Amino acid sequence: MVEVLEVTESGDVQAHQTSGQEVTPPDPVEPVPNEHVADLAPPIDIGRLNLFRWILTGLKASVGKRIEIGRAIPSPVQLFLLVIFPFAVQTLLARLEIPGTAVFNRPAWAYPLFGTMSLVFLIWAFLVPNSSPQKHPGPVAAWLGLWTVAALPIGLVATMLIALTARGVFPAWWSDSSWFGWIFYGAFWAWTSVVVWRVTACFTRSSNIAFGLVLGAMLLQGLGTWQFSSRPWRMDYSEQVGNRHESLTLTQEVFEDQQTLLSKALDGLAPRLAGRVNVYAIVFAPYSQEVFLRESTMVANTLEDRFGAKDHVVQLVNRPAATTSIAWATNKNLKASIEAAARRMDVQEDVLVIYLTSHGGSDFRLATSHWPLEVDELTPALLRKMLDDAGVQNRVIAISACYSGGWVAPLASDTSLIMTASDASHTSYGCGAKSRLTYFGQSIFEEQLRKTYSFEDAFAAAVPIIKQRELDAKKTDGFSNPQIAVGRDIRPVLKRLEQERGRMP
């Protein structure tokens, strides 16, 4: 033992016994400037998982399972595959949503990618602390890879339901105005929210941040749905058209003349005649093909001649040859026409007839074509909103288009009569380049409504005629099966109209 003497600060001497080993005091430590702390931070521990483990973990997250990846992040190649593979699978399987021939919809293919990639900036801002000396994209890469895989089952279930609905296996409740549709949309929204929360929660300890990210994800998802409302595939109308149709030449004079034509048509709507049920009508043909121009003119003439709708009809057509004489069939012009008719008519007593004629897809959108003018497609939900906003009560709506049966449920009401050229899962006939009129328009409006003033009777008499004509034409995909839905409160109004027209000389 070695005795060591130590002098304290007060001047006292204290003795300590230690082992015989020599004690060497440590070297003094100099302080490190703050600007060099980051350089001395330990390297980040980055783990790696194989690709199968990443996919399996993402699929487990889609059903609410716990995520266990530690501090692992995907390699650049893994991240690329994790992002691209689910999008490729969803895009390819979305082809099943179109029963017939389809073409790739280039502007819409990036819709799934839009919703996910937009979140990267949000995730980067919250998951990686700003005070971190080694800010890096690791957590963001891991989150992005897991989320794209976890979202795959959600997209596949939605795609299969849409495909089965398009083939008539399920009823057409996938409409915005159907409460069945809202239930299913709500269920998918909730499912997506849970998955986003589960994936995000494993990268942050703050429940508030996780909740905020889920809310942000849903808002961005809604924005993506709004901006990219179309699906990756759309119906190919080339077989129905049969040949190329002429295109529109856009000039300043054309735009100015169109404004004049629309104003003249709307201002020319005559006031209602007192003491009777008045019929106002809008005929809408948004596809630039000759058959639709002919059909819209025929329907307008029938309504004027048979239902006293002279100066009560607005005709909207997309056809280059008619550009100098008829206003364009755009959604904005349709809305303006409905509002103008509502101002002239008695919305409680009179009847507004809407006739739509075009090609139609299994997504229940009315096809538009007026190249190079871009025209948004009309949907049943949008038409319903236009009519509701205008306050029109009594409605007779006829849709001559393939798959038009999908419009019945979204438009049906107690004060509406809806007629369609087909059910929700079949094509209609007579819209080719060589057709004079569609089978639906010809049979009901040109033939049967020349014999009766009853829309119901005309429809009932026309259906077997349409069926026979389709058999004679060797229609290959089955009977179009036209549909009709009559509200209880529209019947007495139409019966009164029928009786009044029957007494007219």
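Note that the structure is predicted; figures quoted are calculated from it, not measured. Note: hydrogens, waters and symmetry copies are ignored here, and every other heavy atom, side chains too, is used. Here, residue 1 is the first one in the sequence, and each next residue gets the next number.
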So do [Y] and [X] actually touch side chain to side chain, heavy atoms under 4.5 Å?
| X | Y | result |
| --- | --- | --- |
| I397 | I399 | yes |
| L356 | L378 | yes |
| V277 | V351 | yes |
| P286 | L366 | yes |

Heavy-atom donor-acceptor pair, [X] side chain to [Y] backbone, under 3.5 Å:
| X | Y | value |
| --- | --- | --- |
| N318 | S288 | no |
| R501 | R306 | yes |
| D489 | T415 | no |
| N394 | Q348 | yes |
| S416 | A412 | no |
| Q258 | T323 | yes |
| S422 | Y403 | yes |
| S296 | A285 | no |
| S443 | Y439 | yes |
| N301 | T297 | yes |

*Charged tip of R319 within 45° of F292 ring normal and under 6.0 Å*: no
_Partners passing salt bridge (Lys or Arg N to Asp or Glu O under 4.0 Å) against R343 (at least two apart in sequence or in another chain)_ = none
*asked:* Just to verify, what does D414 make a salt bridge (Lys or Arg N to Asp or Glu O under 4.0 Å) with, not counting sequence neighbours?
replied: R488
_V149/V83 under side chain to side chain contact (heavy atoms under 4.5 Å, CB included): CA gap, chis, key distance, verdict_ = CA-CA 7 Å; V149 175; V83 172; over 6 Å; no
*Apply side-chain hydrogen bond (donor to acceptor under 3.5 Å, both in side chains) to H312 and E304, showing your working.*
CA-CA 8 Å; H312 286 178; E304 290 178 352; over 6 Å; no
*Could you walk me through whether L303 and V353 pass the side chain to side chain contact (heavy atoms under 4.5 Å, CB included) check?*
CA-CA 9 Å; L303 294 172; V353 177; 4.0 Å; yes
*Dump the intermediate steps for side-chain hydrogen bond (donor to acceptor under 3.5 Å, both in side chains) on Q499 and Y453, then the final yes or no.*
CA-CA 8 Å; Q499 293 170 350; Y453 296 104; over 6 Å; no
State whether the number of non-hydrogen atoms from other residues, nucleotides or ligands found under 6.0 Å of [X] atom [atom1] is greater than 12.
| X | atom1 | result |
| --- | --- | --- |
| Q252 | CD | no |
| K467 | NZ | no |
| E256 | CD | yes |

*Verdict with reasoning, T159 to Q90, per side-chain hydrogen bond (donor to acceptor under 3.5 Å, both in side chains)*: CA-CA 8 Å; T159 296; Q90 291 189 58; 5.5 Å; no
*How far apart are the C-alpha atoms of D350 and R344, what are their side-chain angles, what is the distance that settles it, and do they pass the side chain to side chain contact (heavy atoms under 4.5 Å, CB included) test?*
CA-CA 10 Å; D350 296 334; R344 299 291 198 280; over 6 Å; no
How long is the gap from [atom1] on [X] to [atom2] on [Y], to the nearest 0.5 Å?
| X | Y | atom1 | atom2 | result |
| --- | --- | --- | --- | --- |
| K495 | S454 | NZ | OG | 7.0 Å |
| M298 | T357 | CE | OG1 | 8.5 Å |
| K335 | L387 | NZ | CG | 11.5 Å |

For the student: nearest non-hydrogen atoms of [X] and [Y], plus distance:
| X | Y | value |
| --- | --- | --- |
| Q483 | N481 | NE2-O, 3.0 Å |
| P86 | L152 | O-CD1, 3.7 Å |
| G430 | V291 | O-CG2, 3.8 Å |
| S480 | S428 | CB-CA, 4.0 Å |

Would you please indicate yes or no on a ring centroid separation below 6.0 angstrom for [Y] and [X]?
| X | Y | answer |
| --- | --- | --- |
| F284 | W328 | no |
| Y355 | F445 | yes |
| F307 | Y280 | no |

*asked:* Apply salt bridge (charged side-chain N to carboxylate O under 4.0 Å, His left out) to residues R276 and E349 and explain how you reach the verdict.
replied: CA-CA 9 Å; R276 66 179 64 172; E349 299 293 332; over 6 Å; no
*Take I444 and L449, measure what side chain to side chain contact (heavy atoms under 4.5 Å, CB included) needs, and give me the verdict at the end.*
CA-CA 6 Å; I444 295 180; L449 282 177; 4.3 Å; yes
*Can you check salt bridge (charged side-chain N to carboxylate O under 4.0 Å, His left out) on D477 and K475, steps first, answer last?*
CA-CA 6 Å; D477 64 337; K475 187 173 184 290; 2.6 Å; yes
_Passing candidate, salt bridge (charged side-chain N to carboxylate O under 4.0 Å, His left out) with R436, options E446, E290, E295_ = E446
_Step-by-step salt bridge (charged side-chain N to carboxylate O under 4.0 Å, His left out) determination, E447 to K451_ = CA-CA 7 Å; E447 298 173 353; K451 304 174 184 178; over 6 Å; no
